[in-house]
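Keep in mind it's a predicted model, so treat the numbers as computed, not measured.
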Amino acid sequence: MSVAPVVSEETGALGANRFGYQKFALGSFSFERDEYFAHIAWSHGTHTMDVGDFLRALMRDVAWGFFYGYVHFDSVFGTCNHYGTVDVFAGTYNSNYKRAGVDELQNHPTDRVGATFVAMIEDWTNEGFDPFAAPMETGSPYGPNRGSNLEAVRRARSTATRCVGLDGDAPLRTDGSGYPVNRAFADVDQSEPEVHAEPGFEDRVHAFNLFAYLSRSDVTWNPSFTSVVKHSFMCPTTEEHILPIVHGNDRVEWFFQLSDEIHWDISTRDTAEPRSRVIMKPGDMAAMPADCRHQGFAPKRAMLLVWENGSPKIVDEISSGQAPVNPVDF
Amino acid sequence: MESYTTQFGSLKSYQKGGVQVIADRVENYAFSNVFEICSSARPYERVVFGLNQIYVLEAVRAEGHSPWFLCAHDEFVLCMDGAARIDLVEVDVPRLPEDKLGAVSLPNPPEGTPMGWIRIQRGHQALLPSQCAYRFDSATPSVLVIQTCKGDLSVERWAEICQRTGAAEEAEGGR
Ligand SMILES: [Fe+2]
């Protein structure tokens with residue numbers, strides 16, 4: 001793909017192609033979509049992804065603010081968060097690309113990558129396609145440019161600072177606020193806990209129905225913060241179909257299966273060689289080591305509690321060897 | 001339209017998944033199941049089944065009255081099976097040092113002002129606010145998960161609760 005003059009300095013947009021989609025430049029990477037595919041090119045290589053898969057991955061990367069560590073769109077392309085800057089890479093964590101010297105990694109300020117990725121998800125997502133939705137719940141991503149779905153792609157991730165439902169914190173989900181119970185969780189109990197606060201203690205005597213809250217989530221594979229203890233974050237999420245990215249850890253995270261079943265493929269973090277499969281059923285708990293990458297498969301919409309340590313020091317502690325890559329030694 | 005049944009586990013009935021090792025150590029995943037842990041735990045023992053530096057998730061079998069607990073920081077409790085009542089008291093003394101991690105149990109009922117009470121059942125989550133005493137009560141064996149920091153009462157017995165062999169060992173449990 002020849003690189004045309006940049007039309008927007010802020011987003012790297014290069015103007016629309018014959019399908020009506022903007023082309024984008026980000027450093028030496030360029031991005032173009034046609035009816036079926038996203039095409040990525042860099043100085044020594046090119047790459048092609050199904051555009052539905054690409055948009056579902058791009059949506060998570062945008063919504064999570066590049067998340068913790070590595071977001072692999074597939075075995076070639078992805079990002080790594082350095083909390084202030086972001087690596088954009090192709091083939092860097094794929095041993096044959098690396099060996100052949102056709103890989104590329106570029107580091108940019110987070111805002112720069114964010115501006116391009118937000119403009120891309122907004123321009124490339126057609127009316128009727130919701131990249132957050134499970135495949136059975138949304139329309140087709142394919143074809144020439146056909147409107148947009150800004151309401152879907154601009155959803156803000158819900159992040160409680162103490163606990164969902166407290167005054168001034170992230171609100172509960174209700175029919176009235178636009179969060180009906182999802183079809184896959186129609187049987188989930190919607191009762192509220194009995195809360196009897198003495199006068200003056202209403203702000204500290206607090207409980208809510210987490211399972212009901214999750215049954216009303218309108219997105220998949222998009223953890224929100226529901227309760228916070230110092231830097232311990234409960235990040236429950238509802239999962240259906242495939243995690244659209246492969247997550248590479250820069251810290252240990254834990255999975256606690258609240259309902260239904262998820263199967264995980266675990267591989268080495270830097271070279272993607274298979275390590276384990278983890279089958280999780282209700283009540284199961286498993287750590288994801290800091291040196292792995294993982295991708296989940298949920299045959300039926302499932303509730304998963306992702307438990308994160310958001311300590312600002314943890315990445316340095318793990319990369320310097322001060323903290324172990326496995327959480328427990330026994 | 002397709003109708004779905006959401007699967008939850010319980011003390012009475014749970015199925016365990018497992019780690020299927022390809023090239024790995026099964027212990028790296030510290031794989032356990034909260035219902036299995038609470039099937040054999042003593043009431044209100046705080047069994048650590050998730051650990052990330054100073055932070056823990058504790059599995060708790062709730063049965064009868066618990067001791068009174070106090071913690072310098074917020075904790076949260078999620079009910080995974082059964083039900084529990086939580087009584088809360090704003091204590092006069094003793095306040096814990098602000099940097100004290102994890103809960104302690106109080107030798108005597110706390111002196112202070114009753115704040116109210118909460119009744120949670122499966123799926124409900126409650127705040128256990130910092131520097132407030134709390135006590136659980138559950139008529140039948142129930143399962144709670146507490147989000148807190150590792151403290152004096154945290155019990156670690158990883159070798160007993162975690163999967164130890166690399167082949168899939170899908171267990172079923174319950175009465
Ligand atoms: Fe992850």
Side-chain angles (χ1 to χ4, degrees), chain A residues 162-163 166 183-189 191 193-198 201 204-212 226-227 229-232 234 252 254 256-261 266 273-287 289 300-301 307 309 311 314 323 326-328 330, chain B residues 1 3-9 14-24 27-36 49-53 55 57 73-76 78 80 88 90 113-127 129 132 145 147-149 158-159 162 168 170:
Chain A
R162 190 179 189 194
C163 185
L166 282 172
R183 80 202 197 290
F185 290 133
D187 59 343
V188 171
D189 170 46
S191 69
E194 263 187 79
V195 177
H196 305 269
E198 296 293 338
F201 292 110
R204 282 188 288 165
V205 181
H206 173 69
F208 74 107
N209 186 337
L210 175 67
F211 290 1
T226 53
S227 61
V229 174
K230 300 179 190 280
H231 288 110
S232 158
M234 293 286 218
V252 175
W254 287 81
F256 181 43
Q257 192 73 34
L258 299 173
S259 87
D260 303 289
E261 190 164 331
I266 323 293
E273 278 132 344
R275 288 178 56 168
S276 284
R277 298 246 310 149
V278 177
I279 308 300
M280 300 199 66
K281 299 187 178 189
D284 284 345
M285 174 73 120
K300 182 240 171 213
R301 203 176 188 93
W307 180 47
N309 181 339
S311 162
I314 195 169
N326 298 309
V328 189
F330 65 97
Chain B
M1 195 170 90
S3 85
Y4 295 93
T5 303
T6 303
Q7 301 291 336
F8 294 106
Y14 65 91
Q15 273 199 328
K16 220 176 138 183
V19 181
Q20 303 170 359
V21 166
I22 299 161
D24 219 329
E27 289 84 354
N28 292 344
Y29 298 88
F31 190 97
S32 68
N33 179 284
V34 74
F35 304 112
E36 186 176 69
F49 76 131
L51 172 69
N52 203 332
Q53 300 191 314
Y55 304 110
L57 294 182
H73 50 78
D74 283 349
E75 300 174 285
F76 292 89
L78 169 65
M80 289 297 293
L88 292 160
E90 183 174 64
T113 315
M115 300 168 66
W117 59 276
I118 298 171
R119 190 180 152 77
I120 56 172
Q121 61 189 43
R122 187 177 72 192
H124 296 174
Q125 187 178 3
L127 167 66
C132 298
V145 170
Q147 176 192 13
T148 182
C149 296
W158 297 100
C162 291
E170 301 207 3

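- For B/Glu90, the part lying near chain A is the side chain, with the backbone staying farther off; criterion is any non-hydrogen pair under 4.5 Å.
- With a 4.5 Å cut-off on side-chain heavy atoms, B/Tyr4 and A/Lys300 count as touching.
- With rounding to the nearest 0.5 Å, the separation of CG in B/Leu78 from CG in A/Leu210 is 6.0 Å.
- Here the side chains of B/Gln20 and A/Ile279 are in contact, with some heavy-atom distance below 4.5 Å.
- Nearest heavy-atom pair, A/Phe330 versus B/Cys162, reported as atom, atom and distance to 0.1 Å: CZ-CB, 3.7 Å.
- Interface residue A/Leu258: backbone and side-chain heavy atoms are both found under 4.5 Å from chain B.
- Chain B forms more heavy-atom pairs under 4.5 Å with one residue of A/Arg301, A/Met285, A/Lys230, A/Arg277 than with any other, namely A/Met285.
- Salt bridge present: A/Arg162 and B/Asp74 bring a charged side-chain N and a carboxylate O closer than 4.0 Å.
- Remark: B/Asn33 CG to A/Phe256 CZ distance equals 8.0 Å, nearest 0.5 Å.
- Distance check: A/Arg275 CZ to B/Tyr29 OH gives 4.0 Å after rounding to the nearest 0.5 Å.
- The aromatic rings of B/Trp117 and A/His196 lie parallel to each other, their planes meeting at an angle below 30°, with 60° marking the opposite boundary.
- Your options are A/Val195, A/Val188, A/Val328, and the one with the most heavy-atom pairs under 4.5 Å with chain B is A/Val328.
- Evaluation of the side chain to side chain donor-acceptor pair (under 3.5 Å) rule for A/Ser227 yields B/Gln125, B/Gln147 as partners, not counting sequence neighbours.
- Considering only heavy-atom pairs separated by less than 4.5 Å from chain B, the leading option among A/Pro274, A/Ser276, A/Pro282 is A/Ser276.
- Proximity of A/Val205 to B/Ile118: side-chain heavy atoms (C-beta onward) are separated by under 4.5 Å at one or more points.
- Heavy-atom pairs under 4.5 Å with chain B were tallied for A/Asp189, A/Ile314, A/Asp260; the largest tally goes to A/Asp260.
- Of the two parts of B/Leu57, the backbone and the side chain both hold a non-hydrogen atom closer than 4.5 Å to a non-hydrogen atom of chain A.
- Without hydrogens or angle criteria, B/His124 side chain to A/Ser191 main chain gives a donor-acceptor distance under 3.5 Å.
- Closest approach of B/Asn52 to A/Val252, counting heavy atoms only: ND2-O, 2.8 Å.
- Contact of A/Ala186 with chain B is not made at all, since no heavy-atom distance falls under 4.5 Å.
- The parts of A/Asn209 that come within reach of chain B are both its backbone and its side chain, each placing non-hydrogen atoms under 4.5 angstrom from that chain.
- Once rounded to the nearest 0.5 Å, the distance linking SG of B/Cys132 with CZ of A/Arg204 reads 4.5 Å.
- Contacts of B/Leu88 with chain A are made by side-chain atoms alone, with heavy-atom separations under 4.5 Å and no backbone atom involved.
- If you take CZ on A/Phe211 and OG1 on B/Thr6, they are separated by 10.5 Å, rounding to the nearest 0.5 Å.
- Here A/Asp284 contributes atom CG and B/Phe31 contributes atom CZ; the two are 3.5 Å apart, rounded to the nearest 0.5 Å.
- Only the side chain of B/Met80 has a heavy atom closer than 4.5 Å to any heavy atom of chain A.
- For the options A/Ser311, A/Ala212, A/Ser232, A/Cys163, heavy-atom pairs under 4.5 Å to chain B are most numerous at A/Ser232.
- The choice from B/Met115, B/Arg119, B/Gln121 that makes the most heavy-atom pairs within less than 4.5 Å of chain A is B/Met115.
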